[in-house]
Structure formats: C-alpha cells, structure tokens
Amino acid sequence: YAIITYGLIWIFGFGRLANEESILEWAKEIGLIGIGTLRPFVAVIVGVLLLASIGVIRAMATTLGEEIGWRGFFIYELRKVFSFTGVSIFSGLIWAAWHWPLLVYYSNNILMEFITFFIVIISMSFIMAYYTFKSKSLWPAVLFHAVSNVYIQKILPPLTTKVEGAEHWLGENGIMFAIVTCVFGIFFWRKAIREKL
C-alpha cells in the first residue's frame, strides 16, 4: 500500500521521482558512497535492498515492543467485549492517540496531519487485527508494522521530489496515504466480517 500511495503521488503529480542529485544524496546518507563509482540507478537498487532487508529486521526490533502490547495483549482483551469492528476502531483510536506527542512535535499542519494520521492508524488497526486473529500470532503485525515504517519513512520519501503546494499529499501523515490505507482498511474489515473473525 505504500508503493501504491507513492505511485499515485507520482502519477497525479503531487511529487516526482527524485532526480540524480537527490538519489546520490540519499545514497550518501545511508552509507553507500565510498564503495566505488555509484550510479543513481545502482544506488536506488542497493539502497532499497538494504533497507528492505536489514532495515526491516532492525525496525522489527522496535516494532516488536509496540506489537507485544497492542496486538499481543490489548486487542485480545478488547475482543472479550467488542466485535472485530469495535476492537479495530477502539485499539486504533488509542494507538493513534498514543502517538499524539510526535504529531504535535513534527507536524507542519497539526489539524490536517492529526486527521490523516488517525485515519491511517485506525485503518492499519483493521489490517493488523485481521492478520493477528487469522494467524493467532503477533508476528504478522510486527512484520507489517516494520515494513510499513521502512517504506513510508525511509525508502519512498527520499525517492520523491516534493512539488511546491502539494506537500500535504506526501508522507505518512499525507492525504494520499490516508486514502490508500483507508481503502485497505475497509477491504480487511469486510474480509474479517465475511470470515467471522
């Protein structure tokens, strides 16, 4: 869903694929410069491969702590009193609210980003609750959370050049990510209801 988000951003012109200079700067930031002559295309391939493998493993170390609490404990306790829909919405609201200090600190447009972030997190709660209940394990949620963080924070933003006036469409608090994540959330909500989770 992160790739779909940025694909739509590039197609609709809210951002463009990064230019050669931006890609080489990104390669420098992740430590790829200094391994010989590095062409932008090679920098993208190597950078994405490193972040999508080692970066995800590293991110899993931090998301595991969150997911033990959210999907390993909290949603199972909520399930005792709520339906799948109630579990997903309530846990999503609490999970999003838990992040509010980060939103306040990092946001450029607090109200808009607060709304889009809540949409994203509640939608992700439907997806992650589905996979957790379906697999009876928190590992799918840990992996999903880690991959999402890496792609939406570390891979796709540096590969996108901002277009002036369209900044509110980009990033994990952007409008496009909220729309795409909401569609995925609705899909998994309906799937869970059909499967009587």
**Student:** Under the side chain to side chain contact (heavy atoms under 4.5 Å, CB included) test, which residues partner F12, sequence neighbours left out?
**Tutor:** L8, F14, M176

**Student:** In chain order, what residues pass the side chain to side chain contact (heavy atoms under 4.5 Å, CB included) check against W100, with sequence neighbours excluded?
**Tutor:** V104, F114

**Student:** For I115, what are the other residues in its hydrophobic cluster, where any two members join if their side-chain heavy atoms are less than 4.5 angstrom apart?
**Tutor:** L111, I119

**Student:** Can you pull the salt bridge (charged side-chain N to carboxylate O under 4.0 Å, His left out) pairs that have at least one residue in residues 122-135, sequence neighbours excluded?
**Tutor:** K134-E195

**Student:** List for me each residue that meets side-chain hydrogen bond (donor to acceptor under 3.5 Å, both in side chains) alongside K162, sequence neighbours excluded, and say none if there are none.
**Tutor:** none

**Student:** Only counting residues at least two apart or in another chain, list the ones meeting side-chain hydrogen bond (donor to acceptor under 3.5 Å, both in side chains) with W169.
**Tutor:** none

**Student:** Would you mind listing the cluster partners of V163? Hydrophobic ones only (ILVMFWY), side-chain contacts under 4.5 Å, chaining allowed.
**Tutor:** none

**Student:** Give every residue pair that meets the side chain to side chain donor-acceptor pair (under 3.5 Å) criterion with at least one member in residues 2-14, sequence neighbours excluded.
**Tutor:** W10-T160

**Student:** Tell me, please, which residues at least two apart from Y1 pass side-chain hydrogen bond (donor to acceptor under 3.5 Å, both in side chains).
**Tutor:** S148

**Student:** Going by side chain to side chain contact (heavy atoms under 4.5 Å, CB included), name the residues that satisfy it together with S135, two or more places apart in sequence or in a different chain.
**Tutor:** S137, P140

**Student:** Using the test side-chain hydrogen bond (donor to acceptor under 3.5 Å, both in side chains), find all partners of K80 that sit at least two apart in sequence or belong to another chain.
**Tutor:** E77

**Student:** Residues two or more places apart in sequence or in another chain: which of them pass side chain to side chain contact (heavy atoms under 4.5 Å, CB included) with F187?
**Tutor:** K191

